[in-house]
Amino acid sequence: MKQEQVRVVGKQPNSRMCFVCGLENRLGLHSRFYQVDDDRLVAVFTPAEEHQSYPGRLHGGVSAAILDETIGRAIMIRHPGEIWGVTVEFSMKFRRPLPLDTPLKVVATITSENRRAFEGEGAIFDPDGGVAVSGRGKYLKMPIDKIADFDRDHEQWVVLEEADDPSSLLLPGP
């Protein structure tokens with residue numbers, strides 16, 4: 001599998017209790033989200049035993065959650081701090097199983113956008129760089145105050161700079 005090195009140009013916030021990105025959710029994925037120089041969003045996470053279906057395999061519902069979240073967050077690259085994606089329609093295809101206790105990458109991009117909505121697609125890659133799960137979705141563009149009572153301080157919606165944040169990522173190539 002051909003791979004390419006891409007430069008990280010930004011990091012998105014994490015929250016306190018979100019299943020996908022919550023830093024204090026003891027059963028969550030604790031994912032980190034990085035914007036790379038070609039306007040794709042990359043999520044990095046390591047699924048744990050609590051995220052399994054069959055022994056040693058990532059649950060398909062957890063795959064759906066991280067893939068949907070990554071595609072839905074990709075709109076923040078174009079509209080930082082203003083717009084969030086609310087899922088309207090989502091579909092995915094499972095190609096091969098994903099392991100637990102292994103760092104995995106999800107890559108997402110926006111494929112079309114209008115005033116009210118956007119569409120995106122993405123994939124979860126296996127450790128060898130092959131597409132394990134692919135998905136696409138349609139999302140409404142909404143400000144957070146129209147979605148939920150969101151207290152940024154209470155939810156600890158912050159970009160947490162960490163010593164091991166990468167300056168570049170090796171991603172599967174075209």
Side-chain angles (χ1 to χ4, degrees), residues 6-48 50-51 58-94 98 104-125 131 133-162 165-166 169 171:
V6 294
R7 190 170 56 91
V8 172
V9 296
K11 186 176 183 184
Q12 289 192 352
N14 284 74
S15 73
R16 187 173 66 81
M17 290 302 294
C18 173
F19 175 73
V20 175
C21 75
L23 299 173
E24 294 179 24
N25 186 331
R26 66 181 182 82
L27 298 176
L29 297 176
H30 306 163
S31 303
R32 304 300 195 257
F33 295 87
Y34 300 99
Q35 178 183 337
V36 296
D37 59 5
D38 60 4
D39 285 337
R40 290 183 293 173
L41 186 64
V42 179
V44 178
F45 75 108
T46 302
E50 293 82 5
H51 306 127
L58 180 63
H59 192 286
V62 176
S63 294
I66 184 70
L67 189 53
D68 177 51
E69 175 101 2
T70 306
I71 298 169
R73 276 176 170 255
I75 197 65
M76 292 183 197
I77 293 172
R78 296 181 182 184
H79 305 278
E82 310 169 33
I83 299 296
W84 294 45
V86 176
T87 310
V88 174
E89 186 177 305
F90 183 74
S91 64
M92 55 195 295
K93 182 176 182 178
F94 296 94
L98 287 163
L104 299 173
K105 293 176 187 159
V106 184
V107 180
T109 189
I110 302 301
T111 56
S112 68
E113 176 184 8
N114 63 38
R115 188 177 64 78
R116 295 188 60 225
F118 67 95
E119 295 183 18
E121 62 186 21
I124 305 175
F125 294 91
V131 174
V133 182
S134 61
R136 57 182 45 242
K138 295 179 182 181
Y139 302 80
L140 288 178
K141 292 164 48 176
M142 298 185 77
I144 189 62
D145 63 340
K146 301 280 189 203
I147 301 168
D149 293 330
F150 189 75
D151 179 340
R152 290 176 195 274
D153 293 331
H154 175 72
E155 292 302 324
Q156 299 171 356
W157 183 248
V158 295
V159 174
L160 181 63
E161 302 294 342
E162 298 170 287
D165 281 337
L169 291 166
L171 299 179

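Quick note: numbers below take in every heavy atom, side chains included, and nothing from hydrogens, waters or symmetry partners.
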### Message
As a quick check of understanding, evaluate side chain to side chain donor-acceptor pair (under 3.5 Å) for E50 and H59, giving each step before the final call.
### Response
CA-CA 9 Å; E50 293 82 5; H59 192 286; over 6 Å; no
#### Entry: Heavy-atom pair of closest approach, residues W157 and S15
CE3-CB, 3.8 Å
### Query
Parallel, tilted or perpendicular: which fits the ring planes of H51 and F19, with parallel below 30° and perpendicular above 60°?
perpendicular
#### Entry: Nearest-0.5 Å distance that lies between atom CG in D68 and atom OG1 in T87
3.5 Å
### Task
Dump the intermediate steps for side chain to side chain contact (heavy atoms under 4.5 Å, CB included) on F33 and V20, then the final yes or no.
CA-CA 10 Å; F33 295 87; V20 175; 3.8 Å; yes
### Heavy-atom pair of closest approach, residues I110 and I71
CD1-O, 4.2 Å
### Trace of the side chain to side chain contact (heavy atoms under 4.5 Å, CB included) decision for L140 with F118
CA-CA 7 Å; L140 288 178; F118 67 95; over 6 Å; no
### Query
Do you know the tightest heavy-atom contact between V131 and S134?
CG1-CB, 4.1 Å
### Message
Just to verify, what does E89 make a salt bridge (charged side-chain N to carboxylate O under 4.0 Å, His left out) with, not counting sequence neighbours?
### Response
none
### Task
Would you mind reporting whether T46 and L104 have side-chain heavy atoms less than 4.5 Å apart?
no
### Message
Just so I know, are the side chains of V158 and N14 near enough to count as touching, which here means a heavy-atom distance under 4.5 Å?
### Response
no
### Residue pair T109 / L41, side-chain heavy-atom distance below 4.5 Å
no
### Query
Between T70 and V106, is there a donor-acceptor pair closer than 3.5 Å when you use the side chain of the first and the backbone of the second?
no
### Message
Could you report the tightest heavy-atom contact between A64 and M92, atom names first, then the distance?
### Response
CB-SD, 3.4 Å
### Task
For the pair F125 and L98, evaluate side chain to side chain contact (heavy atoms under 4.5 Å, CB included) and give the outcome as yes or no after the intermediate values.
CA-CA 8 Å; F125 294 91; L98 287 163; over 6 Å; no
### Query
Is E113 salt-bridged to R78, cutoff N-O under 4.0 Å?
yes
### Message
With salt bridge (charged side-chain N to carboxylate O under 4.0 Å, His left out) as the criterion, how do E161 and K11 come out once you've worked through the C-alpha distance, each side chain's angles and the decisive distance to 0.1 Å?
### Response
CA-CA 8 Å; E161 302 294 342; K11 186 176 183 184; 5.6 Å; no
### Task
May I ask you to test the L160-L23 pair for a side-chain heavy-atom distance under 4.5 Å?
yes
### Q12: partners by side chain to side chain donor-acceptor pair (under 3.5 Å), with sequence neighbours left out
R73
### Query
W84 versus I147: any side-chain heavy-atom pair under 4.5 Å?
yes
### Message
For F94 versus S63, what's the shortest heavy-atom pair and its separation?
### Response
CE2-CB, 4.2 Å
### Query
Do R32 and E162 pass the salt bridge (charged side-chain N to carboxylate O under 4.0 Å, His left out) test, and can you show the C-alpha distance, the side-chain angles, and the key distance before you say yes or no?
CA-CA 10 Å; R32 304 300 195 257; E162 298 170 287; 2.6 Å; yes
### Query
Do V36 and V9 touch side chain to side chain, with heavy atoms closer than 4.5 Å?
no
### Query
Please walk me through it: do V6 and R40 pass side chain to side chain contact (heavy atoms under 4.5 Å, CB included)?
CA-CA 10 Å; V6 294; R40 290 183 293 173; 3.7 Å; yes
### Query
Nearest heavy-atom pair of I83 and I75: which atoms, and what distance?
O-CG2, 3.9 Å
### Query
Between E24 and H30, do the side chains contain an N or O donor and an N or O acceptor separated by less than 3.5 Å?
no
### Query
Is there side-chain contact between V44 and S31, with at least one heavy-atom pair below 4.5 Å?
no
